[in-house]
Amino acid sequence: MFAHLPRDREIRGRIFATDALDRKILTELQLDGRLTITELAARVQLSVSPCHRRLRDLERQGAIRGYRAVVDPAAVGLNFEALVFVTLRWETPDTVTAFEEAVSAVPHVLQAQRLFGEPDYLLRVATADLDAFQQLYDRQLARLPGVQRLTSTLVMKNVVQDRPLPE
């Protein structure tokens with residue numbers, strides 16, 4: 001993975017150098033973020049100390065943003081997923097800020113992306129069932145600041161999910 005990326009990359013305004021070993025470390029951690037430093041070192045064919053140093057550098061530089069557990073929504077009762085397209089009434093900086101702050105406070109919104117063109121936003125929402133989604137839609141999503149129109153589509157099946165970054 002990452003073989004197509006140049007050695008010097010800019011991420012969030014910072015430039016850092018990566019080489020084949022760094023990219024191999026990133027690939028292994030995307031596949032299994034629970035690797036011990038010893039296991040990671042063995043997989044990338046480095047001794048533990050240099051591997052640990054490279055890992056800390058990648059974390060410090062922001063190439064690794066964090067570590068987390070990936071939880072199956074159905075295992076915690078969230079069996080229903082919808083994609084909601086949002087068009088705002090007008091796009092002033094205040095409207096955008098108010099909308100983004102409000103949507104960030106809705107726990108059932110798993111992902112929110114601002115888009116170019118129409119619609120303005122794409123939200124990924126998870127609820128227990130259709131009835132819970134309808135209540136969320138009516139009571140919270142439709143009342144978000146600046147909303148002109150909501151259009152939703154139901155997710156039938158997730159085919160590709162949580163895939164590591166491509167090579």
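Remember, predicted model here, so these are calculated numbers, not experimental data.
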- Note on the structure: Residues at least two apart in sequence or cross-chain that pass salt bridge (Lys or Arg N to Asp or Glu O under 4.0 Å) with Glu59, listed by chain then number, are Arg56
- What residue pairs, at least two apart or across chains, pass salt bridge (Lys or Arg N to Asp or Glu O under 4.0 Å) with a residue in residues 39-52? Glu28-Arg43
- Message: Could you tell me if the side chain of Val147 sits less than 4.5 Å from the side chain of Leu141, heavy atoms only?
- Response: no
- Message: So which atom in Val103 and which in Ala112 form the shortest heavy-atom distance, rounded to 0.1 Å?
- Response: CG1-CB, 4.4 Å
- Item | salt bridge (Lys or Arg N to Asp or Glu O under 4.0 Å) contacts touching residues 93-111 (sequence neighbours left out) | none
- Query: Is a side-chain donor or acceptor of Tyr137 paired with a backbone partner of Ser152 at a separation under 3.5 angstrom?
  - Reply: no
- Item | Selection residues 98-120 - residue pairs positive for ring-ring contact (aromatic ring centres under 6.0 Å, His included), sequence neighbours left out | Phe99-Tyr121
- Not counting sequence neighbours, which residues clear side-chain contact (heavy atoms from CB on, under 4.5 Å) with Val160? List them please. Arg163
- Mind checking who shares a hydrophobic cluster with Val71, ILVMFWY linked at side-chain heavy-atom distances under 4.5 Å? Val76, Leu78
- May I ask you to test the Asp57-Asp22 pair for a side-chain heavy-atom distance under 4.5 Å? no
- Task: Determine whether Ile37 and Leu26 fall in the same hydrophobic cluster, where Ile, Leu, Val, Met, Phe, Trp and Tyr are linked whenever their side-chain heavy atoms lie under 4.5 Å apart.
- Result: yes
- Residues Pro50 and Ser47: closest non-hydrogen pair is CD-OG, 2.9 Å
- Set of side-chain contact (heavy atoms from CB on, under 4.5 Å) partners for Pro145, sequence neighbours left out: Ala98, Ala102
- Determine, using the 4.5 Å side-chain heavy-atom cutoff (strictly less than), whether Ile25 and Val48 are members of one ILVMFWY cluster. yes
- Message: Can you give me the closest heavy-atom contact between Thr95 and Gly146, atom names plus distance?
- Response: CG2-CA, 3.9 Å
- Would you list the pairs meeting salt bridge (Lys or Arg N to Asp or Glu O under 4.0 Å) in which at least one residue belongs to residues 113-139, sequence neighbours left out? Glu81-Arg124, Glu91-Arg114, Glu118-Arg149
- Which residue pairs pass the ring-ring contact (aromatic ring centres under 6.0 Å, His included) test when at least one of the two sits in residues 66-98, sequence neighbours left out? Phe80-Phe133
- Message: Do His52 and Ser49 make a side-chain contact, defined as non-hydrogen atoms from C-beta onward lying under 4.5 Å apart?
- Response: no
- Query: Any side-chain heavy atom of Lys24 sitting closer than 4.5 Å to one from Thr27?
  - Reply: no
- For Ala74, side-chain contact (heavy atoms from CB on, under 4.5 Å) partners two or more places apart: Asp72, Asn79
- In chain order, what residues pass the side chain to side chain donor-acceptor pair (under 3.5 Å) check against Gln161, with sequence neighbours excluded? Asn158
- Query: If we only count heavy atoms from C-beta on, is the Leu55 to Leu29 side-chain gap below 4.5 Å?
  - Reply: yes
- Message: Are Val106 and Leu130 linked, directly or through intermediate hydrophobic residues, by side-chain heavy-atom contacts shorter than 4.5 Å (ILVMFWY only)?
- Response: yes
- To the nearest 0.5 Å, how far apart are CZ in Arg65 and CG in Leu58? 14.0 Å
- Kindly write out the residues that satisfy side-chain contact (heavy atoms from CB on, under 4.5 Å) with Leu21, not counting sequence neighbours, or none if the list is empty. Asp19, Leu46, Arg54
- Message: Any heavy-atom pair between the side chains of Val44 and Cys51 that's under 4.5 Å?
- Response: yes
